[in-house]
**Q** 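Handing you this structure, nothing more for now.
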Amino acid sequence: QVQLVESGGGLVQPGGSLRLSCTASGSTFSIDKMGWYRRAPGNERELVAAITTGGSTNYADSVKGRFTISRDNAKNTVSLQMNSLKVEDTAVYYCKAERPPQYRGNYRLSYWGQGTQVTVSS
């Protein structure tokens, strides 16, 4: 089992910045991908950014140039630096971790944090 705990959410004005952090604990040795997703009220959950152990990154088009994902493999943490925040960034942000299947042919496993609220409002 893997447990994920997010922190850093809060209320910020448009144009402001926040830094989210996620720490993984438990059976973390096999985690190979981590990322951030978000879900706004009434909307589907969407990928914000993801990063592999090797440092490859993927961003949603809506956050490119504004958000930066980073990872500390030794500490089992992933962070999301959010700059130039917009009202439409308001959502609950969730940390996600993935690992390959224990046996060949099995499904990959995903783990989710409880989420942290980010509200962008004047």
Side-chain angles (χ1 to χ4, degrees):
Q1 282 287 333
V2 174
Q3 296 81 44
L4 303 174
V5 179
E6 305 102 330
S7 64
L11 175 65
V12 66
Q13 296 182 2
S17 299
L18 284 174
R19 184 176 179 86
L20 306 182
S21 181
C22 173
T23 300
S25 62
S27 302
T28 62
F29 293 154
S30 60
I31 293 174
D32 57 3
K33 296 180 181 179
M34 299 188 74
W36 290 94
Y37 290 71
R38 68 186 181 187
R39 184 164 68 100
N43 292 347
E44 298 279 340
R45 182 178 60 193
E46 64 175 348
L47 172 70
V48 178
I51 187 169
T52 67
T53 303
S56 297
T57 58
N58 183 37
Y59 295 93
D61 289 340
S62 60
V63 306
K64 287 181 179 178
R66 300 189 298 120
F67 292 8
T68 302
I69 189 170
S70 60
R71 181 175 180 176
D72 187 332
N73 294 326
K75 297 181 179 180
N76 296 310
T77 61
V78 61
S79 298
L80 185 69
Q81 179 66 47
M82 304 184 294
N83 298 326
S84 302
L85 283 162
K86 304 175 180 179
V87 172
E88 49 264 43
D89 293 319
T90 297
V92 177
Y93 285 70
Y94 298 90
C95 180
K96 181 184 180 182
E98 296 183 14
R99 73 167 182 84
Q102 183 176 5
Y103 304 101
R104 175 176 286 181
N106 287 2
Y107 292 109
R108 293 175 58 85
L109 297 180
S110 298
Y111 304 90
W112 294 89
Q114 293 297 309
T116 184
Q117 177 71 49
V118 172
T119 302
V120 184
S121 176
S122 60

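Since the structure is predicted, the reported quantities are computational estimates derived from the model, not experimental observations.
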**Q** Could you give the distance from CZ (F29) to CD1 (I31), rounded to the nearest 0.5 Å?
**A** 10.5 Å
**Q** Tell me, with the steps shown, if L4 and M34 meet side-chain contact (heavy atoms from CB on, under 4.5 Å).
**A** CA-CA 10 Å; L4 303 174; M34 299 188 74; 4.3 Å; yes
**Q** Return the set of residues passing side chain to side chain donor-acceptor pair (under 3.5 Å) with R66 (not counting sequence neighbours), or none when no residue passes.
**A** D89
**Q** Report the residues that fulfil side chain to side chain donor-acceptor pair (under 3.5 Å) with E6, sequence neighbours left out, ordered by chain and then residue number.
**A** none
**Q** Counting only heavy atoms not in K96, do more than 12 sit closer than 6.0 Å to its NZ atom?
**A** yes
**Q** Side-chain donor-acceptor pairs under 3.5 Å in residues 16-28, sequence neighbours left out?
**A**
| unit_1 | atom_1 | unit_2 | atom_2 | d |
| --- | --- | --- | --- | --- |
| S17 | OG | N83 | OD1 | 2.9 |
| R19 | NH1 | Q81 | OE1 | 3.3 |
| T28 | OG1 | N76 | ND2 | 3.2 |

**Q** Applying side-chain contact (heavy atoms from CB on, under 4.5 Å) to V63 and R38, what does each step give before you reach the verdict?
**A** CA-CA 12 Å; V63 306; R38 68 186 181 187; 4.1 Å; yes
**Q** Is the backbone N or O of T53 less than 3.5 Å from a side-chain atom of N73, with the two atoms forming a donor-acceptor pair by type?
**A** yes
**Q** Can you list the steps and then say if C95 with W36 is a side-chain contact (heavy atoms from CB on, under 4.5 Å)?
**A** CA-CA 5 Å; C95 180; W36 290 94; 4.1 Å; yes
**Q** With no hydrogens and no angle check, is any side-chain donor or acceptor of T116 less than 3.5 Å from a backbone partner on S7?
**A** no
**Q** Which pair of heavy atoms, one from A91 and one from A40, lies closest together, and at what distance?
**A** CB-N, 3.8 Å
**Q** Got a donor-acceptor contact below 3.5 angstrom from the Y94 side chain to the R39 backbone?
**A** no
**Q** Could you pull out the closest heavy-atom pair between L47 and A60, with the gap in Å?
**A** O-CB, 3.3 Å
**Q** Do V92 and L85 share a hydrophobic cluster (ILVMFWY, side-chain heavy atoms under 4.5 Å, transitive)?
**A** no
**Q** Mind listing the closest non-hydrogen atom pair of P100 and S30 along with its distance?
**A** CD-O, 3.3 Å
**Q** Do Y37 and L80 sit in one hydrophobic cluster, given that two such residues count as connected whenever their side-chain heavy atoms are within less than 4.5 Å of each other, even indirectly?
**A** no
**Q** Out of R99, Q3, E98, which residue meets the side-chain contact (heavy atoms from CB on, under 4.5 Å) rule with Y111?
**A** R99
**Q** To the nearest 0.5 Å, what is the distance between CE (M82) and CD1 (I69)?
**A** 11.5 Å
**Q** Taking all non-hydrogen atoms of both residues, which atom of R71 and which atom of T52 are closest, and how far apart?
**A** NH1-C, 3.3 Å
**Q** With a cut-off of 6.0 Å (strictly less than), are more than 12 heavy atoms of other residues, nucleotides or ligands near CD of E88?
**A** yes
**Q** Near Q114 CD, under 6.0 Å, is it more than 12 heavy atoms from other residues, nucleotides or ligands?
**A** no
